[in-house]
Each structure stands twice: as structure tokens, then as C-alpha cells.
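Index from 1, following the sequence.
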Amino acid sequence: MNIFTNRLLSLTIPLTLMSANPIPAKADTDQNTDTMRRETIRIIETTDVHGNLFPHNFITREAWGGSLARVATYVDSVRAKVGDDHVILLDNGDLLQGQPTVYYYNFIDTLSPHVATEALRYMRYDALTPGNHDIETGHNVYDRFFASAPAPVLGANIIDTSTGQPYLLPYTILERAGLKVAVVGMITPAIPAWLPENIWSGLRFDDMTATASALIPEIRSKHNPDIVVGLFHSGHDDSKSTDRWIENASAKVAREVDGFDVVFMGHDHRRYDSILLNDAGSKVIVLNPANNANAVADVTIEVLTDGITARPLSVNGTIADVSHLAPSKDYMARFAEEFDTISRFTSEEIGVSDGEFTTRDAFFGPSAFMTLLHRLQLDITGADISLAAPLSFDASIAAGPVRMSDMFTLYKYENMLYTMAMTGEELKNYLEMAYDLWINTLNGTPGEHLLKFASSDPTPADNYLANPSYNFDSAAGINYTVDVTRPAGNRVTITRLSDGRPFDPQATYSVAVNSYRGNGGGELMTRGAGINHDMLTSRILNSTDKDLRYYLIERLRTIGHITPVTDNNWSFIPADIVAPAAKTDRTILFSPESSKNQK
């Protein structure tokens with residue numbers, strides 16, 4: 001039983017658990033308090049760093065906030081204050097994807113020590129969990145990373161199908177200040193909904209709640225830890241689960257599995273700080289500092305201990321913003337060579353753009369940005385139709401030289417490119433779901449919003465979209481309209497193929513689509529098109545053997561230059577209703593004072 005079980009606590013300030021009496025009357029009354037000492041442990045978590053190791057965005061080629069360089073400043077200050085033996089540093093996954101920094105060491109230079117591994121080693125991380133975007137890099141990359149990691153890599157619910165045992169360590173026991181801390185690691189189990197099986201071959205991803213329920217008694221009986229910490233690459237809102245997987249199960253585990261004192265979350269890129277009451281009546285601090293190393297989760301635990309038994313005094317949790325801190329000079333000096341290497345890589349010119357491409361236009365109709373992506377997908381695959389979405393909420397490629405960095409703007413993730421077989425009816429239903437995630441039904445009333453916002457009264461400062469823009473798929477290769485006055489499921493009218501052939505709902509077409517979507521990501525193929533998840537693999541006609549960005553780079557090297565033109569093969573109608581609503585929403589999303597914290 002850990003030290004916080006059956007404690008009598010009162011909530012005094014947000015995210016603080018304080019003992020109601022500094023000397024509990026039960027179980028400790030026979031201890032000699034004169035022999036006990038006060039100890040403090042700080043547990044710091046980063047999550048969803050997404051390759052942001054430096055205070056520089058190599059995609060936009062400009063300085064920016066966040067990064068492990070700023071986290072290093074924060075951690076160094078904590079260690080200087082409380083001592084090394086009182087600090088635990090954890091990372092919660094999705095480290096190996098996002099910036100060219102990690103892409104380069106994942107796929108280009110695979111012989112040098114990985115910069116992410118070396119950064120974790122330099123900062124003295126104590127335990128790690130992988131995230132879904134780490135798995136997305138493929139066995140060669142993540143197995144190399146796991147083998148060279150400077151700290152235990154945890155994954156209690158990642159199972160090796162050949163043995164039935166965890167593929168990684170399920171937990172680790174850390175000792176700090178005479179206290180025993182158990183850290184349990186898990187990952188969102190929904191990976192088969194997003195990634196092709198060859199990427200995670202030989203693995204399965206078990207339900208998080210069931211895994212934790214079986215593991216906690218084992219940890220208690222074998223190790224009798226003083227503190228139990230969950231390190232879960234999974235968000236808090238389990239209401240958006242599929243029929244097979246609970247994608248965001250961290251809060252569910254905290255509520256239903258007794259024994260955790262602290263649960264660190266990740267994956268959903270949303271800051272979260274709460275104290276949950278679990279089903280056994282104990283309180284659990286649950287924290288998520290969100291993405292890009294702009295903040296860390298920081299828990300302070302104070303106890304009285306005589307080295308054998310421990311008594312809780314307080315548990316305090318906070319989300320600490322680090323974006324304003326100066327980057328660690330020592331850290332930057334240690335990785336100066338790697339920084340220069342990535343700068344040279346991302347500065348390479350691979351073509352020329354005759355004008356600007358921006359994702360901003362993609363929210364309101366056909367755009368040059370999406371036309372470029374659709375044309376490249378059709379060119380690479382030779383498919384009849386292309387399906388794609390703006391993967392970056394607000395990104396652009398400027399007129400002039402097209403550099404390697406711009407390819408990370410054009411395509412954010414390391415997806416493969418599939419060619420899949422879909423019927424005309426499935427395509428229509430797929431698009432109906434995409435536009436239902438994207439837009440409202442309008443009737444011409446002044447002040448209406450074309451886009452679906454999370455708030456009923458969105459403002460530039462509170463402009464979150466109800467759904468992520470990477471699910472706002474449009475199509476090329478077919479001509480169609482989207483009538484915003486019609487109800488969901490009855491908006492899309494496909495008139496013909498763009499080459500002049502008639503469109504037949506019963507005919508089968510070849511469709512270019514990324515592997516995330518082709519494996520069921522976003523449920524547009526399954527819930528939208530109506531294709532059973534088990535049948536998706538049988539629909540794949542062809543797949544690239546490298547990530548889509550690689551082929552986009554090679555194609556741009558070949559054609560030499562790109563011109564911002566728009567294939568006006570689809571439109572929102574009627575224009576007189578759409579135009580004023582779109583104008584209002586563009587201001588909300590992209591005015592200078594707008595929040596850009598979209599997914």
C-alpha cells in the first residue's frame with residue numbers, strides 16, 4: 001500500500017493535496033516523530049515534445065518558444081534548489097516526430113548517435129514512454145531508439161505477440177531521498193486505427209485500464225512502493241473512443257484503478273490539471289502540460305520519513321510554463337554541432353515557388369495549397385481520385401526558393417501513400433463525414449459561422465475548432481458541390497470525374513490517400529465510407545515503401561518549380577450565404593490577435 005492510501009486530505013488550493021493533520025492519528029501514533037525527517041521529491045514530466053529540442057523552428061526557419069533547451073534551464077534550477085536525489089525527470093512520448101531535427105536522425109543519418117537519445121542522456125531523464133508518433137517511425141527507428149535510450153523505456157500494454165509478454169518494461173522502480181517510486185508506463189491502444197500493421201508488426205496494444213488493474217497488485221506485492229506514478233501517452237477524454245479502442249484513457253485509469261498518486265498524461269495536446277476522486281475514494285493528481293515543450297508538469301511531494309516508513313504531508317501539482325525561460329547555454333553548447341547539421345539540411349534548396357501557398361485558404365474552399373498536394377498524390381500514384389486534408393492549421397510556402405524545410409510544411413507527418421479501391425458511393429459518404437466535421441448547416445442568418453467551432457460564440461482569442469483540421473478532407477479528380485444549407489449527410493453532390501468521365505456511385509475507383517487515413521484514422525474510411533475496419537487492408541492496391549514526404553521531395557526535385565494554381569473542382573454553395581460566414585470565420589481564425597493553438 002502506498003503512502004497516500006487512506007489518507008485524510010483536504011483540498012486547500014488548486015492542484016494541492018494537503019494532509020488535514022500533519023501527524024495522522026492512525027498507524028503512525030507509535031512512531032517516534034523525533035527520528036523522522038522531512039523529504040521533498042519533485043517529479044517533472046515533458047510530453048509530446050515532437051522533436052522540439054532547440055529554441056528554433058527548423059520548418060519556419062525562425063526562433064520560437066518551448067524546446068528541451070528551455071526545459072533544461074527549468075530542470076537545472078530545480079535540481080540546484082532541492083538536490084539531484086530529490087528530482088525525477090520523465091518523458092511521455094511523441095519525441096521522434098515533428099521537427100526536421102529528429103527526422104534527420106531517424107531516416108537520413110542513421111549511424112550517428114540519435115540527437116534525441118543524446119538530449120535525454122544529457123538532461124538525465126529517469127524513465128520514458130513511447131507515443132504513437134514514435135511508433136509511426138517504424139521498427140528500425142524506434143527499436144534503435146529503445147535500445148540506446150539512457151533510461152528505462154516503459155510500455156506495460158505494448159505486448160510482444162510471440163511471447164505474450166510486454167515488449168518493453170512495464171514499470172520501473174526509482175529511489176529518491178530514501179523513498180521508493182514506481183513509474184508505470186502505457187501508450188494509447190488505438191495505434192492499429194492509424195498506422196499500417198508492418199510498422200507495429202509483432203505487437204499488440206492492450207486496454208490501459210485492464211493492464212493497470214492487473215499490474216498494480218503485482219507492483220504492491222513485489223516492491224511495496226511509497227509513491228505510484230502513471231506515465232501514460234493518452235489523453236483524458238474517453239468519450240471520443242472508437243468501438244474497439246479507448247484512445248484517451250488516462251483519466252479513466254486514474255478513476256477506476258486504485259493505487260496511483262499521480263498520473264501524467266500526453267497525446268491530446270491539451271493542458272489539463274485536475275484532482276480526480278477515484279472509485280476507492282482516494283484523490284489523484286492528473287496533469288498534462290501539452291505539446292512542444294512549452295510547459296512541463298511539476299509535482300512536489302513532501303513526506304516525513306525515518307527511512308523505513310513514510311508519512312504524507314502534501315502533494316502539489318502544477319503546469320509550469322517554460323516558454324519564457326532562456327535556453328540553457330550549456331545545453332546549446334553541447335548540441336551546437338547537431339544544430340548546425342540540421343540547419344544545413346533544412347536550408348537545402350530543392351526547387352522554386354512562383355508564389356505563396358497557404359493552408360489558410362483551405363478552410364473556405366479549393367486552395368492552391370491543397371491543389372499542390374492533391375496533384376502530387378495523383379502524379380505519384382496514377383490514381384483516379386485524391387483525398388487529403390490540410391495537416392498543418394496555419395502554414396505557408398513563400399514565393400522563392402523551396403527548401404527542405406518547406407516540405408515539412410507541405411506534409412507534417414511520416415505517413416505512407418496508399419492507393420485504395422473505393423466505390424463512388426463510399427467516396428460520397430466519406431466526403432459527407434469530412435464536411436460534417438468541418439462545417440455547420442447555414443440558413444443565411446447574419447452572424448452564422450461556416451466552420452464548426454468548439455465555442456458557440458468564438459472569438460479570435462477563443463477560436464478552437466470543434467474538430468482537428470487534419471480531418472477536413474477534400475477530393476481532387478472529381479467535380480462536386482457542398483451545399484451548406486442542407487443537413488449533414490446530404491450536402492455533397494458529385495457531378496462527374498474531372499477528366500470528363502461520368503461519375504458512377506456503383507463503380508470502383510483508385511484513390512490516393514495517406515496511410516493514416518487508409519488504416520482508419522479519423523474514422524472517415526470506416527464510420528464515413530462504411531468500410532469495415534477489418535476490410536481496409538484488402539482495399540489497399542499499392543503502398544509506397546517510404547514516407548509520403550520523401551516522394552514529394554523527389555517529385556519536386558524532378559519538376560523544378562511549383563506555381564500556386566487552384567483546381568476549382570469543388571465549391572461551397574450557395575455563394576451568397578457562404579461568403580459572409582467565411583469572411584467572419586477567417587477573421588476569427590487568422591486575425592493578428594487570434595490564438596493559433598489548433599491541432
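Electrostatic pairing of Asp436 and Arg527 does not count as a salt bridge here, judged by no charged N lying under 4.0 Å from a carboxylate O. Under the 4.0 Å criterion applied to side-chain N and carboxylate O atoms, Glu348 and Arg557 are assigned as salt-bridge partners. Glu554 has no carboxylate O lying under 4.0 Å from a charged side-chain N of Lys546, or vice versa, which leaves the two without a salt bridge. The existence of a salt bridge linking Arg244 and Asp207 is excluded, since no basic side-chain nitrogen approaches an acidic carboxylate oxygen closer than 4.0 Å.
In terms of heavy-atom proximity, Tyr142 sits nearest to Ile135 at CE2-O, 3.2 Å. The nearest pair of heavy atoms linking Thr508 to Ala421 is CG2-CB, 3.9 Å. Of all non-hydrogen atoms in Leu53 and Ser67, the two that sit nearest each other are C-CB, 3.9 Å. Residues Glu45 and Pro289 approach most closely at OE1-CD, 3.0 Å, considering heavy atoms. Between Tyr418 and Pro196, the closest heavy-atom pair is OH-CB, 2.9 Å. Across all non-hydrogen atoms, the minimal contact from Thr584 to His449 is CG2-CE1, 4.2 Å.
Under the 6.0 Å cut-off for aromatic ring centres, Tyr435 and Trp570 qualify, their centroids lying closer than that. The six-membered or imidazole ring of Phe472 lies away from that of Phe393, with a centre-to-centre distance of 6.0 Å or more. Checked against the 6.0 Å centroid threshold, Phe339 and Phe58 count as a close aromatic pair.
Side chain of Thr359 to main chain of Ala395: a donor-acceptor pair is present (N/O by atom type, distance under 3.5 Å, no hydrogens or angles). No side-chain donor-acceptor contact under 3.5 Å links Asn429 to the backbone of Glu426. Checked by atom type and distance alone, the side chain of Thr544 pairs as donor or acceptor with a backbone atom of Leu417 at under 3.5 Å. Between the Asn106 side chain and the Leu96 main chain, a donor and an acceptor come within less than 3.5 Å of each other. Side-chain atoms of Tyr413 do not come within 3.5 Å of backbone N or O of Asp547 as any donor-acceptor pair. Judged by distance alone, the side chain of Ser250 and the main-chain N or O of Ser234 form a donor-acceptor pair under 3.5 Å. Judged purely by atom type and a 3.5 angstrom limit, Ser353 uses its side chain to pair as donor or acceptor with the backbone of Gly355. Here the side chain of Asp48 pairs no donor or acceptor atom with the backbone of Asn291 at under 3.5 angstrom. Side-chain N or O atoms of Thr495 include one that pairs as donor or acceptor with a backbone N or O of Asn479 at under 3.5 Å. Judged by distance alone, the side chain of Asp567 and the main-chain N or O of Asn569 form no donor-acceptor pair under 3.5 Å.
Here the side chains of Arg501 and Asp384 are in contact, with some heavy-atom distance below 4.5 Å.
Judged by distance alone, the side chains of Thr441 and Arg491 do bring a donor and an acceptor atom under 3.5 Å apart. Using modelled atom types and a 3.5 Å distance limit, the side chains of Asp483 and Thr485 yield a donor-acceptor pair. Side-chain atoms of Thr445 and Asn443 include a donor-acceptor pair closer than 3.5 Å. Gln377 and His374 form no side-chain donor-acceptor contact under 3.5 Å, judged by distance and modelled atom types alone. Judged purely by distance below 3.5 Å, without hydrogens or angles, the side chains of Asn57 and Gln99 pair a donor atom with an acceptor atom.
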Applying side chain to side chain contact (heavy atoms under 4.5 Å, CB included), run through Phe453 and Asp462 and close with a yes or a no. CA-CA 9 Å; Phe453 289 94; Asp462 181 20; over 6 Å; no

Candidate pair Arg539 and Met525, rule side chain to side chain contact (heavy atoms under 4.5 Å, CB included), full reasoning: CA-CA 11 Å; Arg539 298 295 191 94; Met525 282 286 182; over 6 Å; no

Start with the C-alpha gap between Asp268 and Asp237, add the side-chain angles, then the distance that decides, and say whether side chain to side chain contact (heavy atoms under 4.5 Å, CB included) holds. CA-CA 9 Å; Asp268 61 2; Asp237 185 2; 5.7 Å; no

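Checked options Asn92, Asn132, Thr188; the residue passing with His233 is Asn132 (criterion: side chain to side chain donor-acceptor pair (under 3.5 Å)). Under the ring-ring contact (aromatic ring centres under 6.0 Å, His included) test applied with Trp194, the options His267, His533, His133 reduce to a single match, His267.
A parallel orientation is assigned to the rings of Tyr272 and His236, their planes being inclined by less than 30° (bins at 30° and 60°). In this pair, His269 and His50 present their aromatic rings perpendicular. The plane angle is above 60°, beyond the 30 to 60° band.
A cation-pi arrangement is present between Arg549 and Phe408, with the terminal nitrogen or guanidinium carbon under 6.0 Å from the aromatic centre and inside a 45° cone about the axis. Geometric assessment of Arg270 against the ring of Tyr464 yields a positive cation-pi assignment under the 6.0 Å and 45° thresholds.
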